[in-house]
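Since the structure is predicted, the reported quantities are computational estimates derived from the model, not experimental observations. The analysis underlying the following values was restricted to heavy atoms, covering all of them including side chains, and did not include hydrogens, waters or symmetry mates.
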Amino acid sequence: MKFFPLYLILALSSLLMSCEDVIDLRTQTGPTRLVVEGWINDDATPQTIRLTLSQNYFNNNRALPATGAIVTVSDDLGKTYRFVDEKQDGNYVWKPAASEKMGRLGGKYTLNIAYASETYQAETEIKRVPTIDSLTYYYDNPTFVADDSPKEGYVAEFYARDFTGAGDCYWIKTYKNGQRYDRSARDLSIAYDAGFSPGAATDGLIFLLPVRRSINSDRLFQENDSIRVELLSITQPTYSFIRAVREESSNQGLFATAPSNVPTNVLNTRTDGPKALGWFGASAVSRFSTVFRKENARPKP
């Protein structure tokens, strides 16, 4: 697809309002593509691969589900797991038997999708993840918080140590009262070793303070709120994908570039076949939960 940058559209709009002739500004509509949202982990719980269809950039309707696909995941031990779209809503689910789980540390996995006479594949693996040792918090009334945040409340931070050996990557998720706390792509928190990016010499350290406090998403927690922090191991390509998603979501303002699709690891087995969008990833997960109580808060640093 081809798109006009936001600043160009605004400039053209201003120009058009001063003219008597109406100019119909058209953008090119690209082909519909398969969009894959696939993630598996090492929990003994159902795993889901979501398939939808892409749509025009200016179409704000909910994406249509891609139904009728055959979806499987195979591991490096020769086992194949079938995902079924029981509700015909594009959510293909694998349900484990008692105590069964698909993901395992060090396992390598291949996603196979047969859809609309095409076959798509993606590969990933499950990396090691450190244990979250603790989670602390203190009461504060900072100057800068998100517009939808209370002006006073608790600031939380988690503690974990990166493994020795450069190149470990992580995705940090936060849940408040059971609901995801990072509400937009710009809130996505990722780490490379114990810092934010490669080349920072943070291998083997306790996660740096900005990473530890990224779980707040510029908002404050309140008394009796519950919090759950999840630390997910991810591959370096997955780290790059999430980083690209976050950067594209912040691509705004006067000097914004034309919107573009982020990279994908879902490939058509035919080199000249229609391309797919999205990502297939896997992770081991470390968790820590607590409830905010005044008597357990630490003094403000």
### Message
For K127, is the NZ atom crowded, meaning more than 12 foreign heavy atoms sit under 6.0 Å from it?
### Response
no
### Query
More than 12 non-hydrogen atoms from neighbouring residues, nucleotides or ligands closer than 6.0 Å to CD on Q179, yes or no?
no
### Full working for salt bridge (charged side-chain N to carboxylate O under 4.0 Å, His left out) between K151 and D140
CA-CA 9 Å; K151 302 309 175 186; D140 197 9; over 6 Å; no
Taking [X] for its side chain and [Y] for its backbone only, find out whether a donor-acceptor pair lies under 3.5 Å.
{"X": "S233", "Y": "A284", "result": "yes"}
{"X": "T202", "Y": "A194", "result": "yes"}
{"X": "R50", "Y": "D89", "result": "yes"}
{"X": "Y92", "Y": "A69", "result": "yes"}
{"X": "N141", "Y": "E152", "result": "no"}
{"X": "D225", "Y": "Q222", "result": "yes"}
{"X": "N268", "Y": "P274", "result": "yes"}
{"X": "T67", "Y": "G90", "result": "no"}

Scan side-chain atoms only and decide if [X] and [Y] contain a donor-acceptor pair under the 3.5 Å cut-off.
{"X": "T72", "Y": "T80", "answer": "no"}
{"X": "W171", "Y": "S283", "answer": "no"}
{"X": "D85", "Y": "N91", "answer": "no"}

Are the side chains of [X] and [Y] in touch, meaning some heavy atoms are under 4.5 Å apart?
{"X": "L277", "Y": "V266", "result": "no"}
{"X": "K95", "Y": "E86", "result": "yes"}
{"X": "T119", "Y": "I113", "result": "no"}
{"X": "I234", "Y": "W39", "result": "yes"}
{"X": "T131", "Y": "Y159", "result": "no"}

Separation of [Y] [atom2] from [X] [atom1] (nearest 0.5 Å):
{"X": "W94", "Y": "T45", "atom1": "CH2", "atom2": "OG1", "result": "8.0 Å"}
{"X": "I126", "Y": "T235", "atom1": "CD1", "atom2": "OG1", "result": "11.0 Å"}
{"X": "R33", "Y": "E118", "atom1": "CZ", "atom2": "CD", "result": "12.5 Å"}
{"X": "S286", "Y": "R128", "atom1": "OG", "atom2": "CZ", "result": "14.0 Å"}

### Task
Identify, with sequence neighbours excluded, every residue that meets salt bridge (charged side-chain N to carboxylate O under 4.0 Å, His left out) alongside D43.
R287
Joint hydrophobic cluster, [X] plus [Y], side-chain heavy atoms closer than 4.5 Å:
{"X": "Y115", "Y": "V73", "result": "yes"}
{"X": "V285", "Y": "I242", "result": "yes"}
{"X": "I190", "Y": "L232", "result": "yes"}

### Message
Using the salt bridge (charged side-chain N to carboxylate O under 4.0 Å, His left out) definition, which of the options R246, K173, R219 pairs with D187?
### Response
R219
### Query
In the hydrophobic clustering that connects Ile, Leu, Val, Met, Phe, Trp and Tyr at side-chain heavy-atom distances below 4.5 Å, which members other than V145 occupy its cluster, ordered by chain and number?
Y138, V155, L220
### Summary
Members sharing I172's hydrophobic cluster, built from side-chain contacts under 4.5 Å between Ile, Leu, Val, Met, Phe, Trp and Tyr, are V129, I132, L135, Y137, Y139, Y154, F158, F163, Y170, Y181, F196, F207, V211, I215, F221, I227, V229, L231, F288, F292
### Query
Looking at K79 and E100, does any basic side-chain N land under 4.0 Å from a carboxylate oxygen?
yes
### Query
Taking NZ, NE, NH1 and NH2 as the nitrogens, is one of them in R186 or D218 under 4.0 Å from a carboxylate oxygen of the other?
no
### Message
Could you walk me through whether Y81 and D75 satisfy the side chain to side chain contact (heavy atoms under 4.5 Å, CB included) test, starting with their C-alpha distance in whole Å, then the side-chain angles of each, then the deciding distance to 0.1 Å, before giving a yes or no?
### Response
CA-CA 9 Å; Y81 306 86; D75 64 20; 3.4 Å; yes
### Message
As a test of understanding, state which of E230, Q47, K101 forms a side chain to side chain donor-acceptor pair (under 3.5 Å) with N41.
### Response
Q47
Residues 104-112, side-chain donor-acceptor partners within the protein, below 3.5 Å, at least two apart:
from : atom 1 : to   : atom 2 : distance (Å)
R104 : NH2    : D76  : OD1    : 2.2
Y109 : OH     : M102 : O      : 3.0
Y109 : OH     : R104 : N      : 2.9
N112 : OD1    : Q121 : NE2    : 2.7

Which atom names give the shortest non-hydrogen contact between [X] and [Y], and what distance separates them?
{"X": "G178", "Y": "S226", "answer": "N-OG, 4.1 Å"}
{"X": "S54", "Y": "V35", "answer": "N-CG2, 3.7 Å"}
{"X": "V245", "Y": "A185", "answer": "CG1-CB, 4.0 Å"}
{"X": "W279", "Y": "T264", "answer": "CZ3-C, 3.6 Å"}

### Task
Verify side chain to side chain contact (heavy atoms under 4.5 Å, CB included) between T32 and Q55, making sure each step is shown before the conclusion.
CA-CA 6 Å; T32 298; Q55 54 195 27; over 6 Å; no
### Message
Checking D272 now: which residues fulfil side chain to side chain contact (heavy atoms under 4.5 Å, CB included) with it, not counting sequence neighbours?
### Response
R270
### Task
Quick one: which residue pairs count as a side-chain hydrogen bond (donor to acceptor under 3.5 Å, both in side chains) with a foot in residues 188-198, not counting sequence neighbours?
S189-S214, Y192-Q236
### Task
Would you check, one step at a time, whether the test side chain to side chain contact (heavy atoms under 4.5 Å, CB included) holds for V262 with E247?
CA-CA 10 Å; V262 296; E247 290 175 351; over 6 Å; no
### Query
Under the side chain to side chain contact (heavy atoms under 4.5 Å, CB included) criterion, do I49 and V36 qualify, and how do the steps go?
CA-CA 7 Å; I49 307 292; V36 179; 4.3 Å; yes
